[in-house]
Amino acid sequence: MTDAERQAALDAIGVEVAACRRCRLHEGRTESVPGEGTAATEVVFVGEGPGFNEDRQGRPFVGQAGSLLDELLTSVGWSRGEVFITNVVKCRPPGNRDPEPDEIAACAPYLTRQLDALDPALVVTLGRFSMGRFSPGSRIGQVHGTFRAADAASGVPRALTFAMYHPAAALHQGSLKQTLFADMQGVPAALTEARALRTAAPERPAAAEAEAPASAPEVAAESDPTAQLGLF
Ligand code: URA
Ligand code: SF4
């Protein structure tokens, strides 16, 4: 897929999400929040769901937790424009309550399609709801700051996933802020590792090959790390 094709797929998902009524969260939303960033990225950050400010603006992580995410990105020399940022649910749970399992399930196909379009090397999970998709069974207190192969059913079978606490947690529990910054320092190394794995085994799995034949020249280009967006 070219970057233009990836962007077109993301735009189409955004249009669908804006009109979506697959779960009760559509009832209270002002704007849905499909996510934003560059279609050319190797790294996707996945949070929980929109909060008050995100619901107003239709953009992810624009409130206080978003400022902290910006600081975390800056701390490793990255910026929002180099990554893609989205959430497990695209509409705000009322009063910022946790998303319910049926809401997460209803919204999951949108995240799956975003991941199909982006084919990231690394997924950074922000909080336990996101971690639950990419690393089911893990406990955040044990795995934060570390990476592992993403779960085969997560939609990114060729990616690594790096677990972090949710930035909003640090707003309530100050000591977690230091932990978040310490953990973030490991993210670029996880990307390096993820690139190396894909270079060693560049083939997409059989299911994905049906959509993108391995003989297509752009697939060969994707497996060449120098052809990808340089984050360092
Ligand atoms: N918290 C999230 O999980 N996502 C956002 O977009 C904002 C706050
Ligand atoms: Fe649709 Fe997801 Fe919004 Fe529910 S949260 S209405 S599934 S876009």
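In each ligand, atom 1 is the first atom listed, and ligand 1 is the first ligand listed. In what follows, every heavy atom counts, from backbone to side chain, and hydrogens, waters and symmetry copies are set aside.
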Which residue and heavy atom of the protein sit nearest [atom], plus the separation:
| atom | answer |
| --- | --- |
| atom 1 (Fe) of ligand 2 | C20 SG, 2.3 Å |
| atom 4 (N) of ligand 1 | N87 OD1, 2.7 Å |
| atom 4 (Fe) of ligand 2 | C23 SG, 2.3 Å |

Going by the atom numbers of ligand 1, which of them fall below 4.0 Å from some non-hydrogen atom of [X]?
| X | value |
| --- | --- |
| G49 | 1 (N), 2 (C), 3 (O), 4 (N), 5 (C), 7 (C), 8 (C) |
| G47 | 3 (O) |
| P60 | 6 (O) |
| H166 | 1 (N), 2 (C), 3 (O) |
| E48 | 2 (C), 3 (O) |

[X] bridged to [Y] by N-O distance under 4.0 Å:
| X | Y | answer |
| --- | --- | --- |
| E103 | R24 | yes |
| K90 | E31 | no |
| E42 | R195 | yes |

Any N/O/S atom from C107 (main chain or side chain) under 2.8 Å of atom 4 (Fe) of ligand 2?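 It does not; every qualifying atom lies at 2.8 Å or beyond.
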Can you confirm whether the side chains of [X] and [Y] place a donor and an acceptor under 3.5 Å from each other?
| X | Y | answer |
| --- | --- | --- |
| Q7 | D3 | no |
| T74 | R80 | no |
| Q185 | S75 | yes |

Do any N/O atoms on A65 end up under 3.5 angstrom from N/O atoms on ligand 1?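 It does not: no N or O of A65 is found under 3.5 Å from an N or O of ligand 1.
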Could you walk me through whether D116 and R6 pass the salt bridge (charged side-chain N to carboxylate O under 4.0 Å, His left out) test, one step at a time? CA-CA 9 Å; D116 269 350; R6 293 178 199 276; over 6 Å; no
Taking only heavy atoms of H26 into account, list the atoms of ligand 2 that are under 4.0 Å away from them.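 Checking each atom against H26, I get 6 (S).
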Is atom 3 (Fe) of ligand 2 less than 2.8 Å from at least one N/O/S atom of C91?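 Looking at C91, which is the residue asked about, there is an N, O or S atom under 2.8 Å from atom 3 (Fe) of ligand 2.
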Go through R133 and T112 one step at a time and tell me if the side-chain hydrogen bond (donor to acceptor under 3.5 Å, both in side chains) criterion holds. CA-CA 11 Å; R133 170 168 176 144; T112 300; 2.8 Å; yes
